[in-house]
S.K.: 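After the structure tokens below, expect a handful of questions from me.
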2 protein chains.
Amino acid sequence: MQPDPPKPTEAELEILTVLWSRGPATVRDIHEVIASRKPTQYTTVLKQLQIMAEKGLVNRDDTERSHIYEASRPMVWTQSQLAGDLLHRAFKGSARELMMGALSAQKTSKRELAELRRMLDQYEKEMP
Amino acid sequence: MQPDPPKPTEAELEILTVLWSRGPATVRDIHEVIASRKPTQYTTVLKQLQIMAEKGLVNRDDTERSHIYEASRPMVWTQSQLAGDLLHRAFKGSARELMMGALSAQKTSKRELAELRRMLDQYEKEMP
DNA sequence: AAGATACTACGATGAACATCGTACGTCAAG
DNA sequence: CTTGACGTACGATGTTCATCGTAGTATCTT
């Protein structure tokens, strides 16, 4: 868990989401989830995981015959990387503009808006 | 301006940001801005713009000798695409989580937070 | 023990990206 | 008119991504 891993690609991110939701898993586990969404070969997922291990995106436990993979970084850490990256690339660093973009991209429920507001309160309170 | 253009790539997005801020511009104009940030050949920018025109990301006016390019979509439209894309790929569609990611990715000023809150108020008011 | 099953390793392939060099046309000086 | 500055067009190249097939090895089943 030394150097920060690079930003995950699209396919890599999809695998990471599986790992974040299921926890450590075998290639088979992950493949089942992925394949249920789009036709994908087992070895494709395997190869991805091997590459991801090289990049440091996942850690591999190969003590057992079926290797077990887990995300090397917690979900929120990676999310922060991705959000920050887009924030700078497309929104000049403006969190407000990013939020505008997100809200206009989909209908957001009143509940979600309320949660958002509450989160803001929380965040502001922890900063003098 | 028929079918929606695809999501811009990294290099394409950088060019678009120039077009959004300067308005319609020639290859030379754009190249000057880009090259001031990182060493880049003139023809590289030219080629990018030609490809972007094919993809429909920019419109080209070739009535003059120096062609004039402009973004085919307004900034906010593209921003919405990008935010929505990331929102679904990495945040399960949760605007709140995206906001968390963005805020934790950089220090956000009190002013920015206030603007954000005001923007939320505004947005909520327009939705019963 | 033999065959089927389950894994990993890895090379090959094709598409998308990003970058650049070269060719070629136009136009305004000199 | 010729030459140099400036412009577009486009092929070539190297890289990263994503996907898959094949080979080889270990394990299970009968």
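Below, chain A is the first sequence line, B the second, and so on; all start at residue 1. Nothing here was measured: the structure is a model prediction, and the numbers come from that model.
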S.K.: Between the side-chain atoms of A:R65 and the base atoms of C:dA6, is any donor-acceptor pair under 3.5 Å?
M.R.: yes
S.K.: Expressed in angstrom and rounded to an integer, what is the separation of A:L13 atom CG from D:dT16 atom P?
M.R.: 20 Å
S.K.: Base, sugar-phosphate or nothing for A:Q50? Non-hydrogen atoms, less than 4.0 Å.
M.R.: base
S.K.: When the distance from CG of A:L49 to P of D:dC17 is rounded to whole Å, what number comes out?
M.R.: 15 Å
S.K.: Identify which nucleotide among D:dC20, D:dT8, C:dA18 has an atom closest to any side-chain atom of B:V27, counting heavy atoms from C-beta outward.
M.R.: D:dT8
S.K.: Find the distance B:M52:CE to D:dC10:P and express it as a whole number of Å.
M.R.: 19 Å
S.K.: Looking across every strand, which nucleic acid part, if any, lies under 4.0 Å from B:T44 by heavy atom: base, sugar-phosphate, or nothing?
M.R.: base
S.K.: Tell me the interatomic distance from B:K47, atom NZ, to C:dT19, atom P, rounded to whole angstroms.
M.R.: 13 Å
S.K.: Are the side chain of B:S72 and the backbone N or O of B:G56 linked by a donor-acceptor pair below 3.5 Å?
M.R.: yes
S.K.: If only atom types and distance count, is the side chain of A:Y123 paired as donor or acceptor with the main-chain N or O of B:L103 below 3.5 Å?
M.R.: yes
S.K.: Nearest whole Å is fine: how far is D:dT19 P from A:I30 CD1?
M.R.: 14 Å
S.K.: Provide, to the nearest angstrom, the distance between the CD atom belonging to A:E64 and the P atom belonging to D:dT25.
M.R.: 21 Å
S.K.: Return yes if some donor-acceptor pair links the side-chain N/O of A:Q79 with the main-chain N/O of B:E97 below 3.5 Å, else return no.
M.R.: no
S.K.: Using a 4.0 Å heavy-atom cut-off, does B:E12 contact any base of the nucleic acid, only the sugar-phosphate backbone, or nothing at all?
M.R.: nothing
S.K.: Would you say C:dA9 has OP1 or OP2 under 4.0 Å from some side-chain N or O of A:R60?
M.R.: yes
S.K.: Report yes if the side chains of B:M99 and B:L120 come closer than 4.5 Å at any heavy-atom pair, otherwise no.
M.R.: no
S.K.: Please tell me which of A:S66 and B:K55 maps to the more 5' nucleotide of DNA chain C, matching each residue to the nucleotide holding its nearest heavy atom.
M.R.: A:S66
S.K.: May I ask you to say what B:T9 touches in the nucleic acid, namely base, sugar-phosphate or nothing, with a heavy-atom cut-off under 4.0 Å?
M.R.: sugar-phosphate
S.K.: Assign each of A:K38 and B:Y69 to its nearest nucleotide of DNA chain D by heavy atoms, then name whichever residue's nucleotide is nearer the 5' end.
M.R.: B:Y69
S.K.: Tell me if a side-chain donor or acceptor on B:E112 pairs with a main-chain N or O of A:R96 at a distance below 3.5 Å.
M.R.: yes
S.K.: Atom CG of B:L57 and atom C1' of C:dC17: how far apart are they, to the nearest Å?
M.R.: 14 Å
S.K.: CD of A:Q48 versus C1' of C:dC10: gap in Å, rounded?
M.R.: 14 Å
S.K.: At less than 4.0 Å, is any side-chain N or O atom of A:Y42 found next to OP1 or OP2 of C:dA6? Yes or no.
M.R.: no
